[in-house]
Structures are given as structure tokens and as C-alpha cells.
Amino acid sequence: MARRPYRRRKDVTVLSLLLLLVAVALGPTPSSAAAADWWNPTARPAPDAQINVTGEPFKGTDSAGDVRGFVDAHNHLFSNEAFGGRLICGKPFSAAGVADALKDCPEHYPDGTLAIFDYITHGGDGRHDPVGWPTFKDWPAHDSMTHQANYYAWIERAWRGGQRVLVNDLVTNGMICSVYPFKDRSCDEMTSIRLQAKLTYALQDHIDTMYGGPGKGWFRIVLDSAQAREVIKQGKLAVVLGVETSEPFGCKQILDIPQCSRADIDKGLDELYDLGVRSMFLCHKFDNALCGVRFDEHGLGAAINVGQFLSTGTFWKTEKCTGPQKDNPIGLTESDAEEDLPDGVEVPAYDENAQCNVRGLTDLGEYAVRGMMQRKMMLEIDHMSVKATGRVLDIFEAASYPGVLSSHSWMDLNWTERVYSLGGFVAQYMHGSQEFGAEAKRTDALREKYDVGYGYGTDFNGIGDHPAPRGADAPNPVTYPFKSADGGSVIDRQTSGQRTFDYNTDGAAHVGMIPDWIEDIRRVAGPGVVDDLFRGAESYLGTWGASEQHRAGVNLAKGRTATASSSESNPFTSYQPGRAVDGDDDSRWASDWSGEQSWQVDLGATHLVSRVTLDWERAYGKSYRVELSTDGVHWQTAWSTTAGDGGLDTARFTGTPARHVRIHGLERGTDWGYSLHEVGVHSA
């Protein structure tokens, strides 16, 4: 009797072992970690790339209640599905395993001769060993434009190394797709965007499976800032969907004629929001129906300018800049892309003293900006021309809307304080540690002034190089193993298949080298830069959360009684004072054509006024005052300028009791009079 229970336990044990052996033979390899190690999967495919990070990822918040962690504000996880599907080779994941995910495009065999995109954009002949897994002789590499750098295990390593926010910008370009000879799907941009969004959710499911089911993995797509904050508190990676494409919603222009409508914009924004997109660019590479772009430089710039002509019928056009901000100089290096131009058509020459794009934010673009504000989305201003960026910042300042992002060093640095003063977020392109440190230093005082963190935009799977190796003999090399920025994990060299990556000799070959790059920054540029980067997650969520909480301010002047010193007479339309407070951006008040004029509005009751917005028509005030009064008789100056330049002006001042608001024009900016589309008056 005493032996029977023992025998039963033995039978159960034998059966369990047999079942375990079958599971091992048929399924993923179980993790060797203990069950308590929540950061390790219960099962991982074998073979696979290694993570080479030990220790528990940090969780929770700091003593101030802030989340911590690095922000990659600009990445392209699934651009292998863009441009026709064959420009970027390899996939971030595959149900068939790493060998299927990390293999080259078929046309790159046997020696890379047909890696056309590489040598069009970077010169050379594109030759390389096409074999990926397991040898990785020539790729991934810091200077490869056509190979997968975002394999999921490499993303996992970046997360384990301290990254807590990843913005996955869904990206494509219909013209590049159409001229690239190798493709296996449509070139429609929105079709590609939809597919990339779908696959991002599929990657989340793929990782969840390794961790035991839905919601259990570390890769978490988030739809609002509160959800992102909770994910980061759990020690996981908050993934935000963005869009970076040249013709969103089909909004291209042909010979300067827009090919979309306001209805297209509303429908497109609604669809993207439903997909989970929370930030986006309105223009990218090519001037479109929404805005002009910030130019590309060097050989790539020449190729993109050719693409602009083939797509729109127009080359980039420049003018002298009106302020200190400038667009990038246009690349004039000869490019093989010029062979695609029609006979007799050549890339134009450009005046080096005229470095600004003539195209700014169009009326449709302004409609899209306001549509994003209504949906509480964040707007990326990198890639926008100086003229377009200035108008966007004017609109955001007029509404006190904080949702502005600069994610990878494509914004003129002279705009930085305007972005920070709104509550926006700034990240820098993933330059080498020396260049990254130098650029960070230029804006260090502003980050201290506004008490904000910093981010980086890796642009992996984009069309830019990444930090090159400094060399094993360089001063202050990365020494392995090293501790993560929070001090809780140990990071060693990353091994994928038969190749082990060392930052000193390989540079930022793939996204998994982010922790190594940050360690190089710490050694070269100092720990202060890393500290600012480690505060990035909290600052990014601060911008996002403030955008979600933004409420459109009440315009106290709308529909109120307005008067003016004069009004221009016109038999076909009215330019009377009330046109500036009728809520119609297309109507306007216009004065006589003389030097000193005034316009004023009666708010109907006394309010504490602190902000006045003025949307000037082309006839603007160069020198003018904003004056306040409680009785309409006694006036005080609340704000003034002698350097007005038109556009949308926002006058901010200490909250002051006022029933009457007057715009007192002292000097015109043109030979015409003064003309205002709309005046907004807002309470403190």
C-alpha cells in the first residue's frame, strides 16, 4: 500500500518528460530563465539572434513620479513593405524563423550588382555578399541602405538597454516605387501604409506568443499617452504609430494643381487615426498639395529633385529667405536618376543666396493641420520647408497647441525655442557620438530652461547612414561588457548567427546597437547628454498628453461688434470691420491705404484678456500695438512690435481686464493698407 502512490508519481513523471521532449522537438526552444524572469520569453524560436543583455529591465517611476527611458522618435520597422516591397531586403520577423526573415532580395544575388538603390543614393557599385543569416559578412552595416536593420530581436536588445518609446513611422514613396525596377506589389502609398500598420500589430502578436499569450510581450502598441505611461511603468516598450509619406491621402500636386480635397483630408485623417496613428508628417521629400519640403543635399538631393519632377511636373523652386532660418542647400551632385528625365529636361541651377523653398503651407495644408489638432494628433515638422514650418508654429502658438515634434534633425535649429515654448518635443538624428554631442550642446541651455529631456531618431530602414565605427584604437572606446544607463543591466557584444558585432569596429550596424551607441556617447560626449536622453520618455509623453488634453480656447471676439478708422470700399465684396470676427478665414477687414489706422472690437463685457491672435492678409502691419480698455475711452498698450512680418501673429501678455481690444497700426508692411482675415481674443 505504501508503494502505490510513489509508483503513480513515477508514471506521471515519465509521461511529462515524454510530452516535454515532443514539445521541444516540434515547437520553440524554452527559455532557460526562471519563471520569475518576466523579461525573458517562455519560448523563443531556435535558432535566433541573441540579445546579450542580462539583468531585469527597470520598471516604475523615479522619485518625482516620472517615467524613465530613451526615445527613438523616428524609425521604420516595416519599410521593407514600402516602395514596391523589394527596396529594403529582409523582414523584422517571420513565422518561418530568422533564416527566412534575414535573407537578401533575390536580385542581389550573387554579388549585389543589382543593389541599385545603394549606388544611386551613395555611389559605388553596390556589390556585397548577399548572404544574411547566419554569416552576415557584409550586412547589416552602418552604411547599408537596402538591408533589414530592425529585426525583432535587435529591437528587443534596444529595449533591454533602456529604450522605452519607439515611434514606428509607416513610410513609402509612390514615385520611388514606380521608377524602381524590382517590385511585387502596388505603388499606392495608402495601401502600403495600411499593410505596414497591420504588420506592426502582427509583430506584437508574434512577440506575445513567445511570452505566453496576448498582452504578455514587451512590444506594446499604444493609442494614448496614459496607456504608454502604464506600459513604461511595467518596464515594457511603448510603440507609437506615425506616418511619413510624400502624398498622404493622395494629396499630391501636378503642375501646382492639388489632386485632393478637404473631404479627402478628413477621410484620410479619420482612417489613419482608426489604424492607431497618432503623429505624422504632412510632406516628405516632394512638394505636395499640403506643403513645401525642406530640401535634400548631395547626390540624394539631386535624385529626389528628379523624382519631384517626374511626380509633379515641377522641380524645387527657391527664393531668398526672409529670416535666419534656411532650408537645406539643394544637392547638385550628378545622379544616375537624371537618366530618367525626358530628353531636353535638366535639373535647374540654383542661386546659393536663395536657399528657401518658395512653397509653404497651402490652404489645404492648413486645413490638414487644424484637422490634426481636432483629433489631438502630433505634427512632425521635420521635412517641412522653413516657410511651412513658420506657419505651422504660428497656428499652434495662436491656439496654444503643444503637439509639435522634430524627430530627426531636419528642422532648422533656430526653431527649437519656439517648439519648446509650445511644449513640443525635439529629437536628434542618430549621428556619431562626437557629432551628436556637439549638436546636443547647442540646445543644452534650452533644455535646461524648459526642463525637458531629449530624444534620438535612428531612421533605421530609412535612407540615411548611421554612426560609423570609430575604431578599436580610438580614444575612449566602448569596453565590453558595460552597464546600462540605469545601472541595472549588463550589456555585452551582440551575436547574430556566426557574427558578433562590436560597436568600435562595426558602428551602428542595426537597431540592436543602440545601447552600445549610447555608451559611446557617454564616453565621448559625457554623461550629461545621456541623462537628458534618459529623461526623453517623460518629455515625449508630456507633449503627447498635453496635446490630448488641449481644448480649443473660446474666441471672445467672435461675432462681436467691431469698428475701424476706415474700411476699403469695393463694389463686389465687403471689407467692413466685422469681417475680421465672423469666423470665416476667407473673409477680411481692409483699411484705406494710409499709414496710421485702427480696428477694434467690443467684447460685450469685461474679461481677463491675455492673448490676441491676428491673421494678416498680404497687407500687414509692420509696426502696431495691441491696446486694451475697459470703457472704450482710456487705453493702455498690452503688446507692441516694430518688426511685424505678416502671417499669423500671437500677442501674449499678462492677463489684463478689458472689454475693448484695439489693433493700432502705426506703419504698414506694404504699399496697401492693413488687412486682417481674423482676430482672436482669448482670456487668461
Original post:
Does any donor atom in the side chain of Glu417 or Tyr450 lie under 3.5 Å from an acceptor atom in the other side chain?
Top reply: yes

**OP:** Apply ring-ring contact (aromatic ring centres under 6.0 Å, His included) to Trp616 and Tyr624, showing your working.
**Re:** CA-CA 12 Å; Trp616 293 101; Tyr624 66 92; 5.2 Å; yes

Original post:
Are Arg391 and Asp615 ion-paired here, with the side-chain N under 4.0 Å from a carboxylate O?
Top reply: yes

Original post:
Do Arg359 and Lys317 have side-chain heavy atoms sitting under 4.5 Å apart?
Top reply: no

**OP:** Spell out, as yes or no, whether a donor-acceptor pair under 3.5 Å connects the side chain of Thr318 to the backbone of Gln355.
**Re:** no

Original post:
Which of parallel (below 30°), tilted (30 to 60°) and perpendicular (above 60°) describes Phe281 and His74?
Top reply: perpendicular

**OP:** Answer yes or no: is there an ion pair linking Arg375 with Asp266, defined by an N-O contact shorter than 4.0 Å?
**Re:** yes

Original post:
Who are the side-chain hydrogen bond (donor to acceptor under 3.5 Å, both in side chains) partners of Gln227, not counting sequence neighbours?
Top reply: none

Original post:
Taking only residues two or more places apart in sequence or in another chain, which ones pass side-chain hydrogen bond (donor to acceptor under 3.5 Å, both in side chains) with Glu678?
Top reply: none

Original post:
Would you say the side-chain atoms of Ser629 and Gln636 include a donor-acceptor pair closer than 3.5 Å?
Top reply: no

Original post:
Does one side chain, of Arg662 or Thr563, offer a donor that lies under 3.5 Å from an acceptor on the other?
Top reply: no

Subject >> Polar contact flag, side-chain donor to acceptor under 3.5 angstrom, Ser409-Gln428 >> reply: no

Original post:
Regarding Ser587 and Asp582, is there a side-chain donor-to-acceptor distance under 3.5 Å anywhere?
Top reply: yes

**OP:** May I ask you to test the Met378-Thr543 pair for a side-chain heavy-atom distance under 4.5 Å?
**Re:** yes

Original post:
Hey, is Glu538 close enough to Arg229 for a salt bridge, meaning N to O under 4.0 Å?
Top reply: yes

Subject >> Taking every non-hydrogen atom, the tightest pair across Arg668 and Ser594 >> reply: CD-O, 3.3 Å

